[in-house]
Structures are given as C-alpha cells and as structure tokens.
Number of protein chains: 2
Amino acid sequence: MKPTRAAQHSAEVRARIIEAAGEVFAECGFGGAGVHEIARRAGVNKAMLYYHVGDKAALFGETVTANLGRIHAAVAAAVAAHTAPRERLKAIPRAFVATVREHPYLPQLMLREIAAGGPNLPAAALAEMAEVMRLTAATLDDGARRRAFRRVDPFVTHLMFVGALMFMANALRLKGRFANMLPIPAAAAGGLESLSDTMIAIVLDGIAVKKA
Amino acid sequence: MKPTRAAQHSAEVRARIIEAAGEVFAECGFGGAGVHEIARRAGVNKAMLYYHVGDKAALFGETVTANLGRIHAAVAAAVAAHTAPRERLKAIPRAFVATVREHPYLPQLMLREIAAGGPNLPAAALAEMAEVMRLTAATLDDGARRRAFRRVDPFVTHLMFVGALMFMANALRLKGRFANMLPIPAAAAGGLESLSDTMIAIVLDGIAVKKA
DNA sequence: CGATGGTTTAACTGACTGGTTAGTTTAGGA
DNA sequence: TCCTAAACTAACCAGTCAGTTAAACCATCG
C-alpha cells in the first residue's frame, strides 16, 4: 500500500547487500568472507549490513535462501513449459544452467553451502530444496506412467543431476590449468550448456548398449 | 638409507599434522580453519606446523595432494581388479566410496577445494586428478571397443560420477533435517554405498525405456 | 664428558575480525 | 517550517588470526 520512495530505496539497498554477500561468500567461503568486503561491494557502510539484514550468519542465510528461490522458480517454470517427458526432464538441468548464467557465483555458493553441512541454513532454504526435488520426482513419475521412462529412484536421480551440474560448473574454472596434461575435451569447449546437454543425453539413454 | 629413529618420528609427526589439517580444512574451509586448531588436533605446538610443513597455504596444498593420491591409488587398484567392462566401470565409484569410508572428511575437503577454484592447488594435485580421469576414459574406451558400451564423452561421464558422488556424500548430512518435509528416500537409508550403486545402475542402463 | 644440530616450546606481535555505538544526516508528514 | 523517525556514518572495541623468535630440549657422536 505504501511503496514510498524511502521504502523502495531501502529494499534496493537490501537487495544490493544480499547480492554482494552472495559474491563474497561464493569467492571466499563463510569463514574467509569479510563483512567489510561485502559492505564495500554493496557500496554501503559496514553498519548498514547489520541495520538492513543482520549479522554474518543472517547475511549468509538470506543469500542462500534467495538463490535457492531463484532456482526453484526457474525449474518450476521449465517443468511447466514442457509436456513430453523427455523434453521436460531435459529442461530441468537447462533451467539450472540458465540461472547460473545470470548469477555466475551461484554454483560456488551452493557447493560451499553443501560442503559446510548447512549449519547456517534456515529451514526455508531446506524447503526450497525439497520443492525442487519434488519437481524432478514428479517429472520422473509422470514419465514412468506414460511408459516413456523406467522407474528409477527420484532422490538419487535428482541428487545426481544437481550434484554433477554444480560440480561441473565449478570444475570448469580449472579447465585452463589442465590444458597441459589432458587432451582438451570436446564437450568442455561449449561451456556448461554443452556439458549439461551431454550429461542428460548419457543418463537418458544409458552407457550400456541396449540388450536385444 | 638412514631411517633413523628421529627421521621416522619426524615423518610421523608430519603425517599427523597433514591428517589433522585435512579434518579441520574439511570442517571449516580454508578461511574458517585455524592453524591453532590444526596443531591442537595433531597434538603438536603451532610452530611445528611451520617447521614441518609450511604456512597455511602449504598445509592446504599438501593435504589436498595427499588425499587425491589416495583416491588415485584406490581407483587404479579397482580398475585393475576387474576385466568385464560393466564391472570395471561399477568399481570406480565403489573405490571412491571405500576411500571415503576410511577418510570421512574427504568429500567435504574435495568439494571445498573445487568450490574454491583451486588457487592453492599445486600442479601435482591437478596431475593426480587428470590421472584418475584417464582411468575412467580408458575403462569407457575399452568397453566401447568390446561392444559393451556406447561411445560417450569420457570427460563428462567422469565429472558426472565424481561430482554426483561428492555432492551426495555431503548432502547425506542434511538428511535428518529433510525428514519433516520429504518422504524418507529408500536409497538414502543404505548410506553412500547404496546411493552410489543406485546411481551407476541408472547411468548404465539409462532412464528412457529402450526403443524396440 | 661436552659439543653439535635437528626438534620443540612458550611468549609475543601486528594486522585484522565481527560487531557495536554515539552521533549526524535526510526524507516526509503535520 | 518544524519535528520525528528512519537511514546512515565514523570511530571504536575486544578478541582472534597467521606467523615469528629466541631460548630450551635432547639424542647423537667425538
């Protein structure tokens, strides 16, 4: 009812802070990140972090929850946009990749969060994760009902997709340093999109030759 | 030529330090880890870290390289122990899992290292990684020659296996907090071994039903 | 015995950390 | 125009950090 100019500005500052926190936490980890640097990148005084958001842990929690929300929204839209099981399943990693393209620090942040074991993860963040997993499960179930998919464990499948994608997104940054010791892999040249598409193709049709 | 008692003791202290460093880096990340805590767990004075190994970055590099070496050795042994392509490929994630069972902090450490982008990774560590990837590639190539496997990108396949495994190993620690919001997944009850076996089965035979 | 050199220790330093607070500026309604 | 509350700042605090140093320990060997 009252989107006064002040309130708008306040929300914008808060958003800037959370975005900056995402970058810094992704680059340095929770322990390595400094609130001073977060304030610097957000272009605000350090005390404003505490005024608008809270202490370092709150900053972290807000950041992670916001990013999980983005992923959830993207995956939900992708699933809704397709009906054919195969295309629908393919769309899930693509939604991840598209979100990552907009927020390049996201995979780093997520990997760090998972590695940390989530001591600073609010329940809301867990709920977002569970929602996304449910979307994968529903897609797999729908595909199985329509005789397009075999019945596979949705929990394992989802973890595999997400884990592999997040890992790949981060591993890509090491590509340059591998140049001397490995033949440059074809699929890596196209970036994360290419890796993702190659992966989903392998998982859909399997590695083993089809038995007669 | 001179495994004097003193030199032996020195090597043992060094090993204790590197083991302790692995634990602490895994739990807290590079930035969050304190050299004081590493020394405490190793049961040595803080200054001994600098005497036997070096500064914090050196400690980290040595730790990561040592653990990658363990994985490399385990995977190499697993590949050598099997000849049938399917069994050989299955053995690779199992080797990972077995190594993780002996060193529970390993997946955490690896995930954090990948997330960090490896600024403290010595070339030796990269070389170990490349060697392991080559083992996967060789297994896939052998399987394809023997008409047991389709030709798939070995780079993507390897990253997918390793990424998914490391991610799952870490995600398992969140299992308890998901209990209220998700039906407890069957495969998760058996721990990482079960998840790994389920995953490899999915990837080998694919999600899609086989076309006639 | 005493000298030697690798090993270990406690004490210390200066830089930096997350977090607070007293006080100032700005916007908006009466 | 004045007043109030929100937004903001600079300075500061107490504690922690990685890293150093000088002195002491101790096994070995002449």
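Per chain, numbering begins at 1; letters A, B, ... match sequence-line order.
- Residue pairs meeting the salt bridge (Lys or Arg N to Asp or Glu O under 4.0 Å) criterion with at least one member in residues 120-137 of chain A, sequence neighbours excluded: A:Glu131-A:Arg134.
- Going from atom CE of B:Met48 over to atom P of D:dC25 covers 16 Å, rounded to whole Å.
- Nucleotide C:dT7 holds its P atom 4 Å from the OH atom of B:Tyr51, rounded to whole Å.
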Notebook entry, point to check: Just by protein heavy atoms under 4.0 Å, how would nucleotides 10-20 of chain C read 5' to 3' in B, S and -?
Noted result: B-------BBB
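- Contact annotation: B:His52 does not reach the phosphate of C:dG6 (side-chain N/O to OP1 or OP2, under 4.0 Å).
- Using a 4.0 Å cutoff on non-hydrogen atoms, no part of residues 13-29 of chain A comes near DNA chain C.
- Residues meeting the side-chain contact (heavy atoms from CB on, under 4.5 Å) test with B:Arg88, sequence neighbours left out: B:Val79, B:His82, B:Thr83, B:Thr139, B:Asp142.
- In this entry the distance linking CZ of B:Phe60 with P of D:dA18 reads 14 Å, nearest Å.
- Side chain of A:Lys56 to main chain of A:Ala33: a donor-acceptor pair is present (N/O by atom type, distance under 3.5 Å, no hydrogens or angles).
- For the pair B:Leu49 CG and C:dT9 P, the interatomic distance rounds to 11 Å; values are reported in whole Å.
- The phosphate of C:dG6 has neither OP1 nor OP2 within less than 4.0 Å of any side-chain N or O from B:Ser10.
- For A:Arg41, the side-chain contact (heavy atoms from CB on, under 4.5 Å) criterion is met by A:Ala20, A:Glu23, A:Val24, A:Glu27, A:Glu37, not counting sequence neighbours.
- Taking the salt bridge (Lys or Arg N to Asp or Glu O under 4.0 Å) definition, one finds that A:Arg16 meets it with A:Glu12, sequence neighbours left out.
- Within the structure, ring-ring contact (aromatic ring centres under 6.0 Å, His included) contacts touching residues 89-115 of chain B (residues at least two apart or in different chains) do not occur.
- Legend: ring-ring contact (aromatic ring centres under 6.0 Å, His included) pairs involving residues 59-78 of chain B, not counting sequence neighbours, sorted by first then second residue: B:Phe25-B:Phe60, B:Phe30-B:Phe60.
- By the side-chain contact (heavy atoms from CB on, under 4.5 Å) test, A:Ala137 is found to be paired with A:Pro154, residues two or more places apart in sequence or in another chain being considered.
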